[in-house]
Structure formats: structure tokens, C-alpha cells
Amino acid sequence: MTRSHLPAKTVSSPSRRQILKRAAAAAAGAMAAPMFIPSSALGKDGATAPSERIVMAGIGIGGRGSHDLNWALSESDTQFVAICDVSAPAREKAKGTIDKKNGNADCKTYRDVREFLAQRTDIDAVICATSERWHSMMSIIAMRAGRDIYCEKPGSMFITEGRAMMETAKRYGRVFQTGTQRRSEANFIFANELAKRGYLGKLHTVYAHTLEIPLNHDWAPAEPEPAKEVFDWNLWLGPVPWRPYNKKWIHGWHGVYDFHTGGIGEWGSHTINQCQMAIGADHTAAIEYKFPGNDTGNGLEARFANGIKLVLNGEGWSKPGRKQMWHGSCGVRYEGSEGSVSVADGYSTPELSNPALLSEFKKLVNEYLERENRPLGHMRDFLNCVKSRRLTVSNASVSHHTMSTNHAANICTWLKRDLKYDPIKEEFLNDPEANRLRTRAWRDPWSA
């Protein structure tokens, strides 16, 4: 008999018991079968689980911002998802960097920071590396929108702006770090610890590297303005007074009052910041300023309430006949009754009047890191604080108060006279003209 002629089997419906047995067997099989979940999703093999990653975006990422972006991308617990920039080429360049790192093309781009912050409610933290006229205002906008922010230095353009930024961070409970990265570098930490812990004896003078760039009020004629989607001139200007478009300002704003804090603010935002950390003056400002007889601030002397003198040193101090304080950029020097230390970028180790103190290098740096619970790495400190909600090493209060010394020094050079300043009231003593220079007008619609 052929297969086609075999009698058909009787088909009957399975019983309830059979159904339950089959279901149990299927479940057991599923439990036994391997589940293919990427190790990165579980946080294994050095990866960070998605639930522990900090979702980030960049604002004004170009120049120095490219360094900050790559710095943050190198951390395993960051996930970059968006870029906001007024320049289309800058947007696309940053997007390309992020997409290459992420292995996809998912990074979104935005032109207007207001639209960006309103739409991207998934973002935890942002990096701001715009030019300095935007720093405080961008920080205020981002923190009001519920974002933590790593913002490049200088932290403010004028004293009252810095105060508004500091109060915003406190009011909204946001984590803020200003980009004074030398606070998180071993050489500068060691020098600061020597000063703070008495290894140099009683401190009497600290020196801060500044640049010899006076401020001007230059103007330029109007040129045809690019299409807004290519380059948004109005947003590029932001809170500063309006002026007609001229491409020279895009990369040539240094030294112009509306855009710049001058050579004092540009370098002093780093070096005065270091000096105030070394002398225990993070949350105050100098109280007396002595006009140096020039319009760059080179040689300006300031005094703190604790009696320690701060001296600003421009690039010209390496010229013949002038005392060599350090070699390299962003240098500081601390002098006490028992010795001195100098350090700047590019040093293998700080220079000491007593080289034997170098034997304390690892000990002092490690004790600082343990005592303060800080990492070596400024971006890493910011990311750790985003998770822990503690203050960063260069938080909003530190930024505001050290920049107040910078701004007061600038005002001293502009008015060409000695000044006295009350860092608690944040006003100059008996000098209405100096007090008017504590603030500048913000352009609508930008306001604190």
C-alpha cells in the first residue's frame, strides 16, 4: 500500500492537562536557552550601563570646545546626542565627531539654544564653549532649563553677571564647573598644597600670569549678512549690544570691550583662580587695587583681607631687565617667608627654591585627592559631581569670586586710579564711577 493510501489519523483537540504540560515545557526551554544581551547594556567589560550614562550635548563647540568635546567623549559614562551652534559648518563638524564615536548618524543639530533646550528634555548636562560674552548667560539659561553645565572660562563678563550666574546655580540646584582645568592637574595641585599647608612659610605674595591685551571699542562697517541657517549673526551676538555683521568679529573679537575681558580676564580667569585657591580665598575677592601706570594691568598689585599681595604679570616679564617668574603659559608663583614655588604649562615638575620639597610631590597630591574626594581630571570631576550632586572644584561661587578680582583689576586700569573693594557687599568704596562699571547692559531678550 502506498503512503497516499494509508488510513488517516484521527485528529482530536488537546486536553487542558496537555496544554498546561506543553506551556510548562516551553517555559523551561526558554529559561534554559541563552539570552543574547550585549555586555555594554549590562555594564560589563568596562562599559557603563545605559541607566548610569550621562546624556550630554554641546553648545558652541569649536576651537577650545573641540578639546572639551573629545575629552568628554573619552569618558565611558557619557552619551552625546546633540549639538547646538549658530554656525552650520561648526554644527556639522561636531556632529561628525560625535557620530564617529557613537558609530551611527543619530546626533541631532540645533541652531537656537532656546529651541534646543525646550525640545531635548532627555539631556542631563551640556558643555558650553562659546566665546566668553555668552558664558554666564548660557549657563543661566541651561541651569534654568534643568541642565548641569560645564562652561569654559572666563565665567563672566562683569561682576553682577557672575553674581546672577552663581545665584542661579544655587536656586535651581544645578552642578556647574568652569573650565579652569589646572585646578585638577597634579603640578598645580602640588604648588597649591605647598602654599596652603605652610611648606613655604608665611605667604606674602602670589603672582599670576596675565596677557598684555588692552580693551578697545573698535567698530567695523556692515557687510552682507549670511543666511540665518548658515550663520545666525543675531544669536552669535547674544546678550551684547547689537552691531552690524562683519566677518572680522567672528575670529577677531579679542581686545574688543563688548566681547572680551581683556588680557587680565582671559589668562587671569585661570591664574588668579589658582592664586585664590592657594591662599584660601576661593569665596572672596581682593580688597585693594593699585593702578600700575599702564592700560594692560601688567604689574598691578592687589591685596586680600588676609594681607597677601597679588601681582599681575604680563608676557613682557620675560624681557631683559624684568624678573623671570616662570616659563610657559598660565604661570603662577607663590612666595613665602621660607621659600617659593613656580609652575606653568609644560613643566615636568614645579620649580622650587628648595628642590628637596619635590620628595613630597606624590604624598601631597594624593592627600589632596583623598581629602577632597577629587580625581585628576577636570571633566571627570564634573561628571562625578553630576552623579553625586556635590559641588565641583571650580563651582559657581569659585568662578564668580575669582572673576570679581579679575573684573575689579580691569576697572582699576580703565579708571587709572587705585580702588578699594568690599567683596561682601560687592561694591567699590566711595567711587560711584567704579560701581557703575560693575555691570553692563544685556540686550533683549536676554536677561537674568
Side-chain angles (χ1 to χ4, degrees), residues 64 132 135 151-157 162 177-196 200 203-214 254 260-286 289-290 292 294 296-304 308-318 322-336 340-347 350-351 378 393-395 398-410 412-413:
R64 174 65 190 177
E132 55 195 65
H135 288 172
C151 186
E152 268 304 331
K153 60 82 193 172
S156 62
M157 289 282 286
Q177 178 92 296
T178 193
T180 53
Q181 72 275 3
R182 291 166 185 83
R183 279 197 169 220
S184 302
E185 295 178 3
N187 274 349
F188 287 89
I189 290 171
F190 174 63
N192 291 346
E193 288 295 290
L194 289 176
K196 288 191 293 186
L200 305 178
L203 282 180
H204 53 76
T205 310
V206 292
Y207 297 84
H209 189 182
T210 54
L211 302 177
E212 295 186 89
I213 304 176
H254 285 73
H260 196 211
T261 54
I264 293 176
E266 180 164 347
W267 243 221
S269 56
H270 280 299
T271 58
I272 291 175
N273 183 294
Q274 288 291 337
C275 288
Q276 292 196 198
M277 186 181 194
I279 67 174
D282 267 348
H283 305 289
T284 187
Y289 300 81
K290 185 176 181 180
N294 59 63
T296 66
N298 189 27
L300 183 147
E301 295 182 3
R303 186 178 66 83
F304 289 84
I308 296 176
K309 182 170 65 175
L310 165 72
V311 183
L312 307 189
N313 288 263
E315 293 176 308
W317 283 77
S318 61
R322 293 186 177 181
K323 184 177 180 181
Q324 180 70 50
M325 294 289 176
W326 48 73
H327 55 85
S329 61
C330 280
V332 293
R333 178 181 175 88
Y334 310 144
E335 294 183 351
S340 64
V341 60
S342 297
V343 65
D345 293 342
Y347 278 55
E351 294 177 349
H378 210 53
V393 70
S394 202
N395 56 70
V398 168
S399 174
H400 167 54
H401 288 100
T402 57
M403 283 309 301
S404 292
T405 299
N406 281 269
H407 297 315
N410 262 331
C412 174
T413 65

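Residue C330 holds its SG atom at 7.5 Å from CD of Q181, rounded to the nearest 0.5 Å. Going from atom CD1 of I213 over to atom CG of N298 covers 12.0 Å, rounded to the nearest 0.5 Å. A distance of 11.0 Å separates CG in L211 from CG in L312, rounded to the nearest 0.5 Å. One finds the CD1 atom of I272 at 16.0 Å from the CE atom of M277 (value rounded to the nearest 0.5 Å). Once rounded to the nearest 0.5 Å, the distance linking NE2 of H400 with CG of D282 reads 13.0 Å.
Between A208 and L310, the closest heavy-atom pair is CB-CD1, 3.9 Å. Closest approach of T180 to S394, counting heavy atoms only: OG1-OG, 2.7 Å. Heavy atoms only, all atoms of each residue included: R182 and F188 are closest at O-CB, 3.2 Å. Heavy atoms only, all atoms of each residue included: L300 and A409 are closest at CD1-O, 3.6 Å. Looking at every heavy atom in both residues, I264 comes nearest to N406 through O-OD1, 3.0 Å. The shortest non-hydrogen separation linking L203 to L200 is CD2-CD1, 4.2 Å.
With hydrogens and angles ignored, the 3.5 Å screen pairs no side-chain donor or acceptor of K309 with any backbone N or O of A302. Side chain of N410 to backbone of T261: a donor-acceptor contact under 3.5 angstrom is found. One N or O on the side chain of R183 and one on the backbone of N273 form a donor-acceptor pair closer than 3.5 Å. Of the possible polar contacts, one joining the Q177 side chain to the H378 backbone as a donor-acceptor pair under 3.5 Å is found. Panel note: side chain H401, backbone A281; no donor-acceptor pair is recorded below 3.5 Å. Between the S342 side chain and the R333 main chain, no donor and acceptor come within less than 3.5 Å of each other. N313 places a side-chain N or O within 3.5 Å of a backbone atom of V311 that can act as its donor or acceptor partner.
Looking only at side-chain heavy atoms (C-beta outward), Y289 and T413 stay at 4.5 Å or farther from each other. K153 places a side-chain heavy atom less than 4.5 Å from the side chain of E266. By the 4.5 Å heavy-atom criterion applied to side chains, T178 and C151 are not counted as neighbours. Contact check for V393 versus V398: no side-chain heavy atoms found under the 4.5 Å cut-off. Counting only heavy atoms from C-beta outward, the side chains of L194 and Y334 never approach each other to under 4.5 Å. H135 places none of its side-chain heavy atoms less than 4.5 Å from the side chain of M157.
Scanning for side chain to side chain donor-acceptor pair (under 3.5 Å) contacts around T405 gives Q276, with sequence neighbours left out. Checked against salt bridge (Lys or Arg N to Asp or Glu O under 4.0 Å), K290 has no partners two or more places apart in sequence or in another chain.
Side-chain contact of S329 with H270: a donor-acceptor pair under 3.5 Å is absent, judged by distance alone.
A salt bridge links K196 with E193: the distance from a Lys NZ or Arg NE/NH1/NH2 to an Asp or Glu carboxylate oxygen falls below 4.0 Å.
Relative orientation of the Y347 and H327 rings is parallel, given thresholds of 30° and 60° on the angle between their planes.
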